[in-house]
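Scroll down for the structure; my scribbles are underneath it.
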Amino acid sequence: MSEEKHYNIFGIRDYQPVTLTKTNNIIELQYLSRCNTRATIKKLDSEHYMLLKTREIKKFKKSSSRKDLKNSLMHTFKNLRYLINNNFCGMDNELFVTLTYRDNMTDLDTLYIDFKNFIKRFKYYMRDKTSIDYISVVEPQQRGAWHCHVLFRFNDLKNVYIKNSVISDLWKKGFVNVKKLKNIDNVGAYLTAYLTDLSIDEIDGDINGTIKNVNGKKYVKGSRLELYPPGTNIYRYSRGIKKPERQLMSFKKAKTYVGGLKPTYVNKLEFNFVEKELKNSIIYYYYNLKRK
């Protein structure tokens with residue numbers, strides 16, 4: 001078996017279309033496989049569709065089950081990962097800041113207001129040194145408390161160092177932690193895992209899900225997603241943060257972007273929707289240009 005066929009374990013053909021997303025050193029190829037050979041439904045409006053075979057008109061189901069909510073959150077964090085990787089790659093002019101409360105603060109609207117005021121004070125503090133861009137993400141705790149994680153990019157500096165005490169004085173609400181993300185070549189994957197997984201020690205009750213071991217500590221993958229209330233505005237970002245471009249092209253052309261590089265991760269997701277009238281799958285190939 002050739003090396004290329006070994007890496008292409010799901011057998012995408014050269015002529016088939018894939019969506020290429022490039023974010024700094026990370027390249028993702030996404031292939032949508034439609035298992036049905038012809039359309040089986042026709043969308044009539046946002047609420048209704050028609051089964052072409054029987055001409056029967058049905059209503060789209062809007063499920064609020066825990067599984068559907070978790071899938072929606074996973075999609076949100078996937079978009080967040082794109083955004084992070086397109087704007088942050090662990091450079092010396094970037095910082096990762098955690099903002100917590102000294103009290104058990106459980107009101108998310110209060111967090112939004114406090115963060116908005118903190119950003120105003122922080123920008124004023126840095127006004128003569130550099131402009132700032134950021135992505136902020138709210139994170140729930142099992143006890144109901146909220147805190148906030150922020151990725152900062154200091155656009156006019158090559159290197160940045162800010163003491164915890166400085167950020168704490170500007171935040172005014174409790175403990176802060178300031179660090180650099182050195183030796184991390186996929187900041188988006190690192191942070192979204194950090195934000196969605198719970199350590200076993202944090203879980204009060206039954207443990208359900210995949211357990212992974214990171215530096216000797218055990219985590220349950222994706223378990224924090226269940227703590228987010230429906231409709232939560234999970235992340236926000238400043239005007240200078242840019243969304244990545246996504247291009248549709250043949251698999252053959254997409255391979256020229258990665259050459260003979262081995263994928264760092266490959267996955268296939270299969271799903272049915274609209275009462276199983278549509279049966280699709282999505283194949284993902286991830287490449288890290290720093291791991292040549």
Just jot down the side-chain hydrogen bond (donor to acceptor under 3.5 Å, both in side chains) partners of Asp114, sequence neighbours excluded, or say none.
Tyr101
Quick one: are Glu139 and Tyr228 in side-chain contact, heavy atoms under 4.5 Å?
yes
Value for OG (Ser131) from CZ (Arg239), rounded to nearest 0.5 Å, stands at 13.0 Å
Spatial distance of atom CG (Asp92) from atom OH (Tyr161) [nearest 0.5 Å]:
14.5 Å
Does the pair Tyr49 and Leu51 meet the rule for a side-chain contact (heavy atoms from CB on, under 4.5 Å), with working shown?
CA-CA 7 Å; Tyr49 66 95; Leu51 296 176; 3.9 Å; yes
Partner of Lys22 under side chain to side chain contact (heavy atoms under 4.5 Å, CB included), picked from Asn85, Val258, Leu289, Asn86, is Leu289
side-chain contact (heavy atoms from CB on, under 4.5 Å) between Leu181 and Leu151, intermediate numbers included:
CA-CA 10 Å; Leu181 295 173; Leu151 274 170; 3.7 Å; yes
With sequence neighbours left out, write down each residue that passes side-chain hydrogen bond (donor to acceptor under 3.5 Å, both in side chains) with Tyr190, or none if nothing qualifies.
none
Are Lys173 and Asn117 linked by a side-chain donor-acceptor pair shorter than 3.5 Å?
no
Using the test side-chain hydrogen bond (donor to acceptor under 3.5 Å, both in side chains), find all partners of Tyr112 that sit at least two apart in sequence or belong to another chain.
none
Closest non-hydrogen contact found for Val178 with Ile167 is CG2-CG1, 3.6 Å
When you compare the side chain of Tyr237 with that of Ile84, does any pair of heavy atoms fall below 4.5 Å?
no
Spacing of Ile132 atom CD1 and Met126 atom CE [to the nearest 0.5 Å]:
5.0 Å
Closest heavy-atom pair and its distance - Pro244, Tyr82:
CG-CB, 3.9 Å
Look at atom CZ of Arg127 and say whether more than 12 heavy atoms of other residues, nucleotides or ligands are closer to it than 6.0 Å.
yes
Check for me, please, whether Ile113 and Leu111 land in the same ILVMFWY cluster - side-chain distances under 4.5 Å, paths through other members count.
no
Could I get the full list of side-chain hydrogen bond (donor to acceptor under 3.5 Å, both in side chains) partners for Arg291, not counting sequence neighbours?
Asp185
Give the intermediate values and the outcome of side-chain contact (heavy atoms from CB on, under 4.5 Å) for residues Lys179 and Leu95.
CA-CA 6 Å; Lys179 66 179 181 180; Leu95 290 177; over 6 Å; no
Do you know the tightest heavy-atom contact between Val160 and Glu94?
CG1-N, 4.2 Å
Give me the one residue out of Phe96, Phe88, Tyr235, Phe115 that meets ring-ring contact (aromatic ring centres under 6.0 Å, His included) with Tyr134.
Phe115
According to the salt bridge (charged side-chain N to carboxylate O under 4.0 Å, His left out) rule, which pairs have a member within residues 140-156, sequence neighbours left out?
Asp133-Arg153
For the atom pair NZ (Lys252) and CD (Gln16), what is the distance rounded to the nearest 0.5 Å?
14.0 Å
Do Asn288 and Asn25 get their side chains close enough for a donor-acceptor pair, meaning under 3.5 Å?
yes
Do Phe118 and Val166 belong together in a cluster built from hydrophobic side chains that touch within less than 4.5 Å?
yes
Rounded at 0.5 Å granularity, tell me how far CG in Leu99 sits from OG in Ser136.
9.0 Å
The salt bridge (Lys or Arg N to Asp or Glu O under 4.0 Å) partners of Lys290 (sequence neighbours excluded) come to none
Got Asn93 and Asn155 here, is their nearest side-chain heavy-atom distance under 4.5 Å?
no
Go through the steps for Ile234 and Leu73 under the test side-chain contact (heavy atoms from CB on, under 4.5 Å), then give the verdict.
CA-CA 9 Å; Ile234 293 175; Leu73 284 169; 3.2 Å; yes
Strictly by modelled atom types, are Arg246 and Thr21 linked by a side-chain donor-acceptor pair under 3.5 Å?
yes
State, yes or no, whether a side-chain contact exists between Arg224 and Gln141 at a heavy-atom distance under 4.5 Å.
yes
Side chains of Val137 and Tyr194: closer than 4.5 Å at any heavy-atom pair?
no
Reported CG-to-CG distance for the pair Leu20 and Leu29, which is rounded to 0.5 angstrom:
5.0 Å
Flag yes if more than 12 heavy atoms outside Met249 fall under 6.0 Å of its CE atom; otherwise flag no.
yes
How about Phe152 and Phe122: do any of their side-chain heavy atoms sit closer than 4.5 Å?
yes
At their closest point, which heavy atom of Ser168 faces which heavy atom of Gly174, and how far apart are they?
OG-O, 3.7 Å
Do Ile282 and Tyr284 have side-chain heavy atoms sitting under 4.5 Å apart?
yes
Indicate, with yes or no, if Leu195 and Ile241 share a hydrophobic cluster defined by side-chain heavy-atom contacts under 4.5 Å among Ile, Leu, Val, Met, Phe, Trp and Tyr.
yes
Should the heavy atoms of other residues, nucleotides or ligands under 6.0 Å from OH of Tyr286 be counted, would the total exceed 12?
yes
Is the His149 ring parallel, tilted or perpendicular to the His147 ring (thresholds 30°, 60°)?
perpendicular
If every non-hydrogen atom of Phe154 is compared with every non-hydrogen atom of Thr130, which pair is closest and at what distance?
C-OG1, 3.5 Å
Is the terminal nitrogen or CZ of Arg121 (NZ for Lys, CZ for Arg) located under 6.0 angstrom from the six-membered ring centre of Tyr124 and within 45° of that ring's axis?
no
Taking all atoms of both residues into account, what is the closest heavy-atom pair of Tyr285 and Ile12, and its distance?
CE1-CD1, 3.6 Å
Take atom NZ of Lys243 as the centre, draw a 6.0 Å sphere, and report whether it contains more than 12 heavy atoms from other residues, nucleotides or ligands.
no
Hey, quick one: are Met91 and Val150 part of the same hydrophobic cluster, counting side-chain heavy atoms closer than 4.5 Å, chains of contacts allowed?
no
Heavy atoms of other groups near Lys78 NZ, more than 12 under 6.0 Å
yes
Check: Thr110 side chain, Thr106 main-chain N or O, donor-acceptor pair, under 3.5 Å
no
4.5 Å side-chain heavy-atom contact, Met74 and Leu225
yes
With clusters defined by side-chain heavy atoms of hydrophobic residues (ILVMFWY) lying less than 4.5 Å apart, directly or transitively, does Ile135 cluster with Leu108?
yes
